[in-house]
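First comes the structure, then the notes that go with it.
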Amino acid sequence: MKRIYLDHNATTPVHPEVFEAMVPYLKDEWGNPSSIHWAAREPKKAIDSAREKVAALLGCEANEIVFTSCGSESNNFAIKGVADALRGKGNHIITTSVEHPSVLNTCKFMEREGWEVTFLPVDPYGMIDLDQLRDSITDKTILVSIMFANNETGTIFPVEEIGKITREKGVLFHCDAVQAVGKVPIDVKRLNIDLLSLSGHKLYAPKGVGALYVRRGVRITPLIHGGHQERNRRAGTENVAGIVALGKACEIAMRDMDEEVAHITRLRDKLEKGIMERIEHVKLNGHPTKRLPTTLNVSFMYIEGESILLNLDMKGVAASSGSACTSGSLEPSHVLMAMGVPPEIAHGSVRFSLGRDNTDEDIDYVLEILPPIVERLRSMSPLYAKVKG
Ligand SMILES: *Cc1c(COP(=O)(O)O)cnc(C)c1O
């Protein structure tokens, strides 16, 4: 059976060059990088080199990069760490209602711990209102945490404007850029970002490695206490192979981003256009243009997204109903709900997210099998029968 992977926002396959780069650190170079003897030398050098590569992709200094175990840890570290370090200064955090659960649930935890949190609403495209952000900042605000691009809809936030506002108000700006790194050029200095999260497995490196950029001078309390690794900011013996992989993935992203984005955008637009031409009653979720090149989130009205996914899977096509983190629950997506999408339309949503290995044949195949699947499901839908009369 065919196997077509259109769920790259959930995770990506490991790039062959990334795999090759990490193998030596799983085999011969197994030393602890903190040791003082020969076995430490090569692993330590490899971590330094990886740190340079991550920093180069983000436009920062190597010593502003802290390696973590994943994007979720980076987000927890940024929010809890800054809040703890600045607890004498204020008790207010601002975020949005469409963040990834690792930001949203961390902020809800902070609320239970006595912090005040503002969850900014979004418009039907999933965008925040910049005036509302500006008006929400008080002299008690210590942190604004807003994602670069949404994992479910691909909507890209006005990060440059957000950075201007937070800098002008003297408030720290954390940006969850897990979905944007490698797909959108990011220069943390130009964008006035103070902290930025990224994750290896969304970037063709393996699971279990991430990073947090922390601008020099930003005070942050460690999440994991222990040894002196990562300049006292993150204890624990380093995941050397994972860190090497993340460095390589960032190097490849710098080298190949333009070419890959052009390829992926062309295929995504072909899929979008093909679906709209072939199937009636389809609604695009997210911003029509300010959107990640990888992402197409559409609602097929009158039917369930989950049923479409099961049928696609039977034909070898992997897609998603929104986020891997919420699948399995019957709740409609919190992102689509926040955008004001009616629940019955949110239930019909399917997210296709493309990657570097996808081909024209993949898209042609989906465009061939999807219309009959939708037609058959609609023929069994009482809702659709009513519309058809
Ligand atoms: C996947 C994802 C995360 C979490 O990253 P993990 O490495 O899986 O913990 C955080 N934010 C966004 C936007 C994501 O898409």
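Start at 1 and go down the list; that is how both ligands and their atoms are numbered. We use all heavy atoms of the structure for the numbers below, so side chains are in, but hydrogens, waters and symmetry mates are not.
When heavy-atom distances to ligand 1 are checked against a 4.0 Å cut-off, S72 comes that close through both its backbone and its side chain. Contact annotation for N75 and ligand 1: only side-chain heavy atoms (C-beta onward) come within less than 4.0 Å of the ligand.
Each of the following atoms of ligand 1 lies closer than 4.0 Å to a heavy atom of H201: 6 (P), 7 (O), 8 (O). Of all the atoms in ligand 1, the ones that sit under 4.0 Å from a non-hydrogen atom of K202 are 1 (C), 2 (C), 3 (C), 14 (C), 15 (O).
For the side chain to side chain contact (heavy atoms under 4.5 Å, CB included) test, residues two or more places apart in sequence or in another chain that qualify with E304 are S307, H347. Listed by chain and number, the residues in a side chain to side chain contact (heavy atoms under 4.5 Å, CB included) with T295 are N9, L292, R351 (sequence neighbours excluded).
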What verdict does the side-chain contact (heavy atoms from CB on, under 4.5 Å) test give for K2 and V317, after you've listed the backbone C-alpha separation in whole Å, the side-chain angles of each residue and the deciding distance to 0.1 Å?
CA-CA 8 Å; K2 269 189 199 299; V317 176; over 6 Å; no

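At least one N/O-N/O distance between G71 and ligand 1 falls below 3.5 Å. Residue-to-ligand polar distances place D176 within reach of ligand 1: an N/O pair is separated by less than 3.5 Å. Checking only distances, N151 never comes within under 3.5 Å of ligand 1, N or O to N or O.
At least one heavy atom of S102 sits closer than 4.0 Å to an atom of ligand 1.
Exactly one of S74, S102, S197, C107 qualifies for a side chain to side chain contact (heavy atoms under 4.5 Å, CB included) with I79. That residue is C107.
In this pair, Y302 and H281 present their aromatic rings perpendicular. The plane angle is above 60°, beyond the 30 to 60° band.
For K290 and Y125, the positive end is not near the middle of the six-membered ring at less than 6.0 Å and at most 45° from its axis.
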